[in-house]
Amino acid sequence: AFAALARTHGWQRVAVVTSPMHSRRACAALESAGLEVECLPGAGRDYSTRRLGSPEDRRLAFRDVAYESAATLMYRLRAWM
């Protein structure tokens, strides 16, 4: 839907700003829809991906990696990326 909106407005290049864990999948999906994409991962709000200092931070990062891995597989199976 976003790619269609971009084409309506004549946008050929878009910036994608999202969480660091999600940016790879989000950018790949928009690229496969025919847009030129600049990926700009934003700062994470729950923990720092640069420094997983506490067990809770590591747990949250593991949860996000597991989720993104499953979601990436789903996107590939549905040919969204």
Side-chain angles (χ1 to χ4, degrees):
F2 180 78
L5 176 69
R7 281 190 285 278
T8 298
H9 289 285
W11 305 336
Q12 296 175 0
R13 182 173 173 84
V14 296
V16 176
V17 181
T18 187
S19 71
M21 292 284 187
H22 180 61
S23 63
R24 182 177 173 202
R25 182 168 51 99
C27 291
L30 289 173
E31 285 174 344
S32 80
L35 294 174
E36 187 178 338
V37 175
E38 174 149 2
C39 264
L40 302 168
R45 290 185 275 172
D46 296 333
Y47 55 88
S48 169
T49 55
R50 294 179 181 254
R51 185 171 174 212
L52 299 172
S54 72
E56 179 64 9
D57 289 348
R58 291 188 291 277
R59 185 190 69 76
L60 291 171
F62 179 78
R63 176 201 66 190
D64 288 349
V65 167
Y67 177 86
E68 284 301 322
S69 296
T72 297
L73 177 61
M74 182 187 75
Y75 271 45
R76 285 187 179 142
L77 291 171
R78 293 182 178 180
W80 292 348
M81 59 183 278

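As a basis for the values below, the full set of heavy atoms in this structure was taken, side chains included, without hydrogen atoms, waters or symmetry mates. It should be emphasised that the depicted structure is a prediction, and the values quoted were computed from it without experimental measurement.
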Non-neighbouring partners of Y75 that pass ring-ring contact (aromatic ring centres under 6.0 Å, His included), sequence neighbours left out: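 Listed in chain order: W80.
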Joint cluster assignment, V17 & V37, ILVMFWY side-chain distance < 4.5 Å: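 Per the 4.5 Å side-chain linkage, V17 and V37 are not co-clustered.
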Same apolar cluster: M74 and M81, side chain cutoff 4.5 Å: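 Cluster IDs for M74 and M81 match.
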Non-neighbouring partners of R78 that pass salt bridge (Lys or Arg N to Asp or Glu O under 4.0 Å), sequence neighbours left out: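 Once residues adjacent in sequence are excluded, R78 has no partner under the salt bridge (Lys or Arg N to Asp or Glu O under 4.0 Å) criterion.
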Contacts of E68 that satisfy salt bridge (Lys or Arg N to Asp or Glu O under 4.0 Å) - sequence neighbours left out: R25
Main-chain N/O of S69 paired with T72 side-chain donor or acceptor, under 3.5 Å: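 No; zero donor-acceptor contacts below 3.5 Å.
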With a 3.5 Å cut-off and sequence neighbours excluded, list the donor-acceptor pairs that the side chains of residues 5-12 form with protein atoms.
residue	atom	partner	partner atom	Å
R7	NH1	A33	O	3.1
T8	OG1	A4	O	2.9

Distance, nearest 0.5 Å, that separates OG1 of T49 from CG of D64: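 With rounding to 0.5 Å, OG1 (T49) is 10.0 Å from CG (D64).
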L35 CG to C27 SG distance, which is reported to the nearest 0.5 Å: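 The CG atom of L35 sits 10.5 Å away from the SG atom of C27.
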Kindly give the heavy-atom pair with the smallest separation between [X] and [Y], and that separation in Å.
| X | Y | result |
| --- | --- | --- |
| R63 | D46 | NH2-OD2, 4.0 Å |
| A43 | P20 | C-CD, 4.4 Å |
| T18 | A26 | CG2-CB, 4.3 Å |

Enclosure of R50 CZ (heavy-atom neighbours >12, cutoff 6.0 Å): no
Partner set under side-chain contact (heavy atoms from CB on, under 4.5 Å) for A61, not counting sequence neighbours: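 Residues passing side-chain contact (heavy atoms from CB on, under 4.5 Å) with A61: M21, Y47, L52.
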Pairing residues for R59 by the side-chain contact (heavy atoms from CB on, under 4.5 Å) criterion, not counting sequence neighbours: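 Per chain and number, R59 pairs via side-chain contact (heavy atoms from CB on, under 4.5 Å) with E56.
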